[in-house]
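In this text, all values refer to a predicted model and were calculated from it rather than measured experimentally. By convention in this document, chain letters (A, B, ...) are assigned in the order of the sequence lines, proteins followed by strands, and residues within each chain are numbered from 1. Hydrogens, waters and symmetry mates play no part in the numbers below; they use all other heavy atoms, side chains included.
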Protein chains: 2
Amino acid sequence: MAIRTTENGSGRAGGGGRVTLRTIAQMTGLSLSTVSLSLRGGTTLKQETRDKVAEAAKALGYVPDRAGVRLRTGKTNVIALVLDGAEDSIDFARQMIQGIGHAIKGTRYHLTVIPEFERNISPDTVRYVLDNRTADGVIITHTAPRDRRVQMMIDADFPFVSHGRTEFFTPHPFHDFHSEVFASTAVERLASKGCKRAMLVVGDDTTTNHHNIVTAFHRATARTGLEPRIMTGMQYLPPTEMRRMAMELASEPDRPDGIICDSEMRTIALTGGLMEGGLRMGQDVHLIYKQTSGILPTLFPAVDSIREDVFAAGVELTNLLLRRIEGAEPETLQTLAEPQPQWRN
Amino acid sequence: MAIRTTENGSGRAGGGGRVTLRTIAQMTGLSLSTVSLSLRGGTTLKQETRDKVAEAAKALGYVPDRAGVRLRTGKTNVIALVLDGAEDSIDFARQMIQGIGHAIKGTRYHLTVIPEFERNISPDTVRYVLDNRTADGVIITHTAPRDRRVQMMIDADFPFVSHGRTEFFTPHPFHDFHSEVFASTAVERLASKGCKRAMLVVGDDTTTNHHNIVTAFHRATARTGLEPRIMTGMQYLPPTEMRRMAMELASEPDRPDGIICDSEMRTIALTGGLMEGGLRMGQDVHLIYKQTSGILPTLFPAVDSIREDVFAAGVELTNLLLRRIEGAEPETLQTLAEPQPQWRN
DNA sequence: TACTACAATGAAATCGTTTCAGATATTCCA
DNA sequence: TGGAATATCTGAAACGATTTCATTGTAGTA
């Protein structure tokens with residue numbers, strides 16, 4: 001039982017059965033070039049020939065060899081997802097990948113995933129893709145205001161799209177959750193519930209998202225008259241610590257009566273700590289969190305949330321990227337996702 | 001600002017700057033073949049030549065072109081992960097991918113991910129990989145007893161490894177969580193807590209895992225004298241339904257006083273329902289769940305769990321697969337992961 | 001010196017595809 | 001009827017790497 005890599009003494013590629021352009025050429029009696037031209041819609045060919053070729057290709061189940069195409073044209077038909085290791089948004093990776101998968105279904109694109117280990121994003125993986133022409137385009141997430149990966153790809157004029165905005169002057173494709181609307185909607189909701197002191201909990205202060213959300217929070221609390229408070233920069237804080245902090249918070253004299261949290265993981269730690277501290281959710285304290293998975297609603301059916309649809313984000317990011325690869329201008333490839341309030345009480 | 005795909009009128013690949021074998025050949029004054037031979041460790045070459053080539057390659061930062069290698073040798077240097085859409089194990093996808101990523105770091109392998117949408121696994125995606133020689137090996141998860149994907153790859157003699165065992169006679173590489181040990185350990189723990197009626201909740205009854213765990217559960221309850229009860233086949237049941245069922249369960253006259261659950265998602269639904277039904281976890285009812293993420297411990301620091309390290313599983317699966325690709329015998333590539341009890345009270 | 005043995009290197013074929021420059025027919029017009 | 005203008009199709013040359021086979025050079029031997 002020889003395995004594939006050694007099944008062929010010469011070390012050459014492919015089995016005898018593989019259908020190539022040559023197969024079709026022999027079958028139809030045409031030349032290689034005619035077949036190739038025909039398959040890619042050559043207009044100088046007789047209609048009869050084109051039908052013949054198309055028919056044969058279909059009958060044989062021809063699929064262009066990726067290596068051949070790639071070698072000749074430089075097109076990889078691959079898009080790369082740089083997957084951040086953050087676990088703030090539960091189920092983020094799975095949904096994002098499913099979304100991308102859904103969007104490339106039926107296209108010739110494959111998805112390669114490049115896991116990022118460092119929490120402090122480094123441009124190395126992107127540099128690798130650029131240097132080795134390993135993909136036709138890149139999707140990155142958790143974008144920073146002056147993200148070095150973005151800078152690098154702009155400089156190289158390489159197609160990419162970011163999940164998150166940046167502060168660069170040169171426009172680039174992005175799709176982002178509308179954090180500002182999230183923050184203001186949440187604050188207004190707290191105000192309508194009669195809250196007086198609002199606290200915003202944003203874990204990671206390195207992303208652009210952080211800046212947007214904080215600004216919008218300040219603006220909204222000023223407008224509604226709530227007393228603002230912010231807890232941030234905790235990307236390295238383990239959940240257990242977070243939980244402990246929440247417990248202590250529960251017994252503070254002027255503790256917040258309304259909390260907004262943009263991370264599911266932290267919401268869980270928060271909730272656990274607050275409840276252990278003796279507070280009743282939805283009575284002593286109101287909570288609104290950014291929801292990306294189905295976990296928290298299952299657990300706390302009565303807690304308000306504002307949803308970001310990560311699957312849809314994956315689909316959108318992919319569509320933007322594909323359009324970019326086909327040459328669309330960056331300015332036309334920038335979209336925001338509207339937060340979806342899920343008021344539950 | 002032309003984008004990459006059109007930067008070159010001829011439509012040819014690569015910029016002028018790309019370092020190929022030819023670059024090295026010109027630099028060293030040697031021929032293409034000598035350089036190639038040398039780089040792949042040709043022993044018939046003079047040491048001096050070999051040093052010269054190695055030096056030049058390093059200086060130029062030479063990396064073999066994947067398309068070239070693939071076209072000539074048929075080797076893709078890609079491994080494919082067929083990613084099941086199940087969300088029972090929270091954070092499964094992320095950790096699995098991180099694990100694989102860790103294992104291929106430093107190798108020439110890339111990872112492509114093929115999301116699976118149908119909950120009822122179809123062999124189409126695997127067939128595609130096989131037909132189009134899209135990867136050198138495949139990793140599949142959520143394996144069924146007579147998994148058609150496994151059958152297909154065995155028949156095609158294609159390198160793969162499954163996360164989960166099967167019932168096929170022909171041996172194949174696998175790595176699996178030792179569910180039997182999980183079940184018996186959990187039952188024993190419940191017994192030691194004084195439980196009388198144990199319920200096993202396993203969501204998906206299509207996997208091999210299901211069968212293993214149920215068998216072991218029966219054996220262990222018989223051994224310890226616990227009254228067994230099983231809740232299963234709920235792969236299509238939404239969490240909210242599950243939660244409702246748990247709530248009803250709470251008020252049953254002969255309700256279980258010990259529960260074992262192999263899915264985090266269902267554990268959450270269960271816990272939510274039981275608590276809403278008035279039960280106190282760890283007092284009225286004991287719960288032990290299979291833990292794959294950090295979510296539940298954060299939420300319920302006092303609830304027992306038995307951990308499966310999905311990251312480690314990813315690493316192991318990859319190593320097995322790479323060995324298989326290199327020709328190792330399937331029999332030698334079968335491992336089990338020991339469950340890691342996390343007793344917390 | 002002539003012949004063999006062996007080490008070191010090079011030339012060429014190949015993988016599958018695309019594309020450009022030619023090569024055949026075929027048709028048109030004077 | 002000849003030459004040009006059109007239609008269709010083909011040949012050949014890449015893209016980058018690997019591998020086989022041939023060639024060169026050198027040394028050893030009789």
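Rotation axes derived from the C1' atoms of the five outermost pairs at either end of the helix from C/dT1-D/dA30 to C/dA30-D/dT1 lie 80° apart, to the nearest 10°.
An OP1 or OP2 oxygen of D/dT18 is reached within less than 4.0 angstrom by no side-chain nitrogen or oxygen of B/Thr73.
In this structure, A/Asp157 pairs ionically with A/Arg324, as a charged nitrogen and a carboxylate oxygen lie closer than 4.0 Å. Remark: B/Arg133 does not engage A/Asp65 in a salt bridge, criterion side-chain N to carboxylate O under 4.0 Å.
Rounded to a whole Å, the CZ atom of A/Arg22 is 14 Å from the P atom of C/dT18.
Closest contact between the side chain of B/Ser33 and the listed nucleotides D/dA17, D/dT19, C/dT19 involves D/dT19. Each of C/dG16, D/dT8, C/dG10 was ranked by its minimum atom distance to the side chain of A/Thr44; first place goes to D/dT8. Set against D/dG16, D/dT18, C/dT17, the side chain of B/Asp65 has D/dG16 as its closest nucleotide. With C/dT18, D/dA17, C/dG10 as the choices, the nucleotide that has an atom nearest any side-chain atom of A/Arg72 turns out to be C/dT18. The side chain of A/Thr49 lies closest to D/dC9 when the candidates are D/dC9, C/dG16, D/dA17. For A/Ser31, whose side chain is taken as the heavy atoms from C-beta onward, the closest listed nucleotide among D/dT10, C/dG16, C/dT17 is D/dT10.
For the residue pair B/Glu316 / B/Thr335, a side-chain donor-acceptor distance below 3.5 Å is found, with atom types taken as modelled. Residues A/Ser31 and A/Thr34 have side chains that bring a donor and an acceptor to within less than 3.5 angstrom of each other.
Here A/Phe311 and A/His102 bring their ring centres to under 6.0 angstrom of each other.
Figure legend: cation-pi geometry between B/Arg94 and A/Phe92 absent, as NZ or CZ is not positioned both under 6.0 Å from the six-membered ring centre and within 45° of its axis.
If you check every strand for non-hydrogen atoms under 4.0 Å, A/Leu37 touches a base. B/Arg40 comes within 4.0 angstrom of the backbone, heavy atoms only, and of no base. Counting any heavy atom pair closer than 4.0 Å across all strands shown, A/Ser36 reaches a base atom.
Applying the salt bridge (Lys or Arg N to Asp or Glu O under 4.0 Å) criterion to B/Arg149, with sequence neighbours excluded, gives B/Asp147.
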